[in-house]
Amino acid sequence: MQRVTQRPEYLAVAATGRKWVTPAFILQAMPGDDISLAPRAGFTVSKKVGNAVVRNRARRRIKEAARMILPANGQRGWAYVFIGRQAATDYPFEKLGADMRWALAKLASGADLSPRGNSKPHRKS
RNA sequence: GCAGAUGGCCGGAUGGUCGCCGCCCGCGCAAGCGGGGGGAGGAAAGUCCGGGCUCCACGGAAACACGGUGCCGGUUAACGGCCGGCGGGGGCGACCCCAGGGAAAGUGCCACAGAAAGCAAACCGCCGAGGGCUUCGGCCCGGCAAGGAUGAAAGGGUGCGGUAAGAGCGCACCGCGCGCCUGGCAACAGGGGCGGCAUGGUAAACCCCACCGGGAGCAAGACCAAAUGGAUGAUUGUCCUUCAGUGGACAGGCGGGUUUUCGCGCCGUCAUCGUGGUAGGUCGCUUGAGCGCGGCUGGCAACAGCCCGCCUAGAGGAAUGGCCAUCCAGGCGGGGCAACCCGCCGGACAGAACCCGGCUUACAGGCCAUCUGCUUUU
RNA sequence: GCGGGCGUAGCUCAGGGGUAGAGCAUAACCUUGCCAAGGUUAGGGUCGUGAGUUCGAAUCUCAUCGCCCGCU
């Protein structure tokens, strides 16, 4: 699985505004056209979640789920960023995977772009 | 048995399955495939000290400033660490705690209260022996530092003598200071002598003294080195010239809506060289003041020396994981006199980022050794 | 990796060894026909936490926790 490692890439993914929230993580996505590329993924957990052990654990569980799910369910050419939340450390693993499939499907269908009318590219400033 | 003290150790185990990161071997042009083996800690943490290593600065260095340390001796590469001792404090005790140099070098501060808070004097008070006055009550000169509600602290303390009242004024003991002797490397301890008491506290207030410290940090630093940029030379034709592409002249393409002329602007190709060191890569990077509940020797010990054995993560924003089963600890509930049985919950603190020695802080639970007090039994 | 700063009332901040303060906010009363403003008063504090120095600590020292900010 190709990883996102550079900070500018993370910023680029975040700048698209495409995201889907689940209890254990927030999934951000940046669409891409190059079909030859497998979906790439980056993982990040903020310091507010806990100390290094807790953050590592959250990141590893999400990474393991992504390893099993992303190649089949992710869009080729896209770049994804998973932001770990507090619940990721003890959230049931099957539910974590189900949430991930759900979030990937929603983002692929563009569902995040038109719910409840708040999807317009936000006004600046 | 109960309650403690000190030192040390461990801090889940086994297996299945799907994965991750280095290393070695084989195959392969390569991508990769197969096999083997390794993969977090006692604190990896905080970054509070000390070093190694690297670069910078500097003639060797010293001093000032600044910062740190602060009883004595030892140990160590070094330390603010550790060990042993001394002194002080706490505890019945095992044992624990102490920034523990200097206040007769100087400066500052000591609120409130109190007569007075640092100059030992004033004030209240006490005295009536001496001198003077007297209205015979006393007053003044004078003597004294015992007492004076306070305060953290009041100019040695207690007792006896002494006196007009008193006072180290005298004596005894305690304290203090200064010599001497003995023991000890020393801190210091013990003994005896002299002094008649002078020197309040505060240095985690300024300060003084002694000792230590040049600065930065592996993103240190070293090497290789694109792209772009620089220099030199060559490179196309014609003519003149020269010993010689030696020197010189002219000529090319593109750009105006088009044409001519003149002028202007822009543009070559190739090779070599060296500077700089960017992107990127390699090294530094783990064999080291290494580890061993191995042994011997010296030492009370910290530790040192010799011998034997072992190799134990080295990555790039960074791997060491996910799921499951059984067992082992642990907790709760129920049944049972008990052994035990059943069910549920459930695994401390915490993740290497150049390396090492310490300190500090966090930590479920458990194990071992030595010691102390109390109680009981023999 | 290296370094700096800040934690005091509900909020924003003073106070740097000697009784914890100001403004805003809160409550009561006065004023007004009622409200606002104004006036008078009151309540409200483990001074982040734990040790130590000192007679005495918010203040000085050490440790620790949390937050913020630089440099590379």
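Each chain gets a letter, A, B and so on, in the order its sequence line appears, and its residues count up from 1. This structure is a prediction, so every number in the text was calculated from the model and none was measured. What you see below is based on every heavy atom in this structure, not just the backbone, and it leaves out hydrogens, waters and symmetry mates.
Nucleotide B:A105: unpaired (no Watson-Crick or G-U wobble partner with both distances less than 3.5 Å). Base pairing annotation: B:C273 forms a Watson-Crick or G-U wobble pair with B:G230, both donor-acceptor distances under 3.5 Å. The partner of B:G7 is B:C368, by the rule that a Watson-Crick or G-U pair needs both atom distances under 3.5 Å. When both pairing distances are held under 3.5 Å, B:G59 makes no Watson-Crick or G-U pair with any nucleotide shown. Taking a pair to require two hydrogen-bonding distances under 3.5 Å in either a Watson-Crick or a G-U wobble arrangement, B:G268 pairs with B:U235. Of all nucleotides present, none satisfies the Watson-Crick or G-U wobble test against B:C243 with each distance under 3.5 Å. B:G175: Watson-Crick or G-U partner is B:C197, with both key distances under 3.5 Å.
In this structure, the side chain of A:Arg18 does not engage the main chain of A:Val13 through any donor-acceptor pair within 3.5 Å. Judged by distance alone, the side chain of A:Thr16 and the main-chain N or O of A:Ala29 form a donor-acceptor pair under 3.5 Å.
Within the structure, every side-chain polar atom (N or O) of A:Asn56 is placed at least 4.0 Å from both OP1 and OP2 of B:G351. One finds no side-chain N or O of A:Arg60 lying less than 4.0 angstrom from the OP1 or OP2 phosphate oxygen of B:G19. An OP1 or OP2 oxygen of B:G321 is reached within less than 4.0 angstrom by no side-chain nitrogen or oxygen of A:Arg67.
Remark: A:Glu64 does not engage A:Arg61 in a salt bridge, criterion side-chain N to carboxylate O under 4.0 Å.
With a glycosidic angle more than 90° from 0, B:G130 adopts the anti conformation. Glycosidic conformation at C:G16 (O4'-C1'-N9-C4 for purines, O4'-C1'-N1-C2 for pyrimidines): syn, within 90° of 0. Glycosidic conformation of B:U312 is syn; the angle stays within 90° of 0.
Secondary-structure stems of RNA chain C, taken as three or more successive Watson-Crick or G-U wobble pairs (i with j, i+1 with j-1) under a 3.5 Å distance threshold, comprise C:1-7 with C:65-71, C:10-13 with C:21-24, C:26-30 with C:38-42, C:48-52 with C:60-64.
Residue A:Arg59 is in sugar-phosphate contact alone, with no base atom involved, counting any heavy-atom pair closer than 4.0 Å across all strands shown.
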